[in-house]
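Taking it in order: structure first as structure tokens, then the write-up.
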Amino acid sequence: DVNAIFGVYALGLAPSLLLGGPASDRYGRLRVLVPSIVLAGAASLLFLVGSDAAGLLYAARFVQGLASGAAFSVGSAWLQDIIGADHAPAAARRASLALNIGFCLGPLTSGLLAGYGPDPLTLPFVVHAVLVALMLLVAGAIGGRAAWSGDHGGWRGASLRPRTGLDRPARRVFRRTLIPTAICVYAFPSVTITVLPLLIGHRDHIVVFL
């Protein structure tokens, strides 16, 4: 089922987003980021061999979610390390810009490869696997000793439980406003991406939908 395969991604993404940052604080940015990059490549290989096996597609989407969540959170934290705490707002803006550029260029590129390439079920995943291998080389080249070491922000021996760093009144606002908004941000596009293509393929359903 397309909807279920799409939704499995969130099962991997949510815990990885929450735990990736704290884990990299304790153990080191690259010690968390490099395995995440490897998992991203493994997900593409699973897609490559699992086009006719639903179990492999579920596994690939789950692994993809794990890799994406860790890459998002650790990459943002690492960027702040590089820029410095004094320029934290600039680091947040650049991380957000990079994520949104990726969200735009990724589907566009894979769609073009699938639509106009010689093998739509193979080429996008092969290209992604090659890019993943290049990213491993880049991460190893630019990551100094500090990126492999832990205890970022005084986290030595601390719990891996995610912390918002907000006082009690701000946490209430966070729970009541930001969390529901974040769920909607992911839920609405997910429904659109998974349901509307199916409706387009069944015009009678579109009439009912309208």
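Keep in mind it's a predicted model, so treat the numbers as computed, not measured.
Atoms CG and CZ, on Leu79 and Arg29 in that order, are 10.5 Å from each other to the nearest 0.5 Å. The CG atom of Leu33 lies 9.0 Å from the CG atom of Leu136; values are rounded to the nearest 0.5 Å. In this structure, the separation between CG on Leu112 and CG on Leu123 is 11.0 Å, given to the nearest 0.5 Å. For the atom pair Leu131 CG and Ile37 CD1, the distance stands at 12.0 Å (nearest 0.5 Å). Put simply, CG on Leu46 and CZ on Arg61 are 12.5 Å apart, with the number rounded to the nearest 0.5 Å. With values rounded to the nearest 0.5 angstrom, Cys104 atom SG is found 11.0 Å from Leu99 atom CG.
In terms of modelled atom types and a separation under 3.5 Å, the side chain of Ser96 and the main chain of Ala92 share no donor-acceptor contact.
Among all heavy-atom pairs drawn from Pro35 and Leu30, the shortest one is CD-O, 3.8 Å. Between Pro120 and Ala114 the shortest heavy-atom distance is CB-O, 3.0 Å. Ser110 and Pro124 get closest at one heavy-atom pair: O-CG, 4.0 Å. The minimum heavy-atom distance linking Ser16 with Ser73 is given by the pair O-OG, 3.9 Å. In plain terms, the two heavy atoms of Gly20 and Val74 that are nearest each other are O-CG2, 3.4 Å. The shortest heavy-atom contact between Leu48 and Leu121 is CD1-O, 4.0 Å.
Using a 4.5 Å heavy-atom cutoff, the side chains of Phe72 and Ser68 are in contact. A heavy-atom distance below 4.5 Å is not found between the side chains of His128 and Phe47.
The same ILVMFWY cluster, assembled from side-chain heavy atoms under 4.5 Å apart, contains both Val138 and Val34.
By the ring pair (Phe, Tyr, Trp, His ring centres under 6.0 Å) test, Phe62 pairs with no residue at all, sequence neighbours left out.
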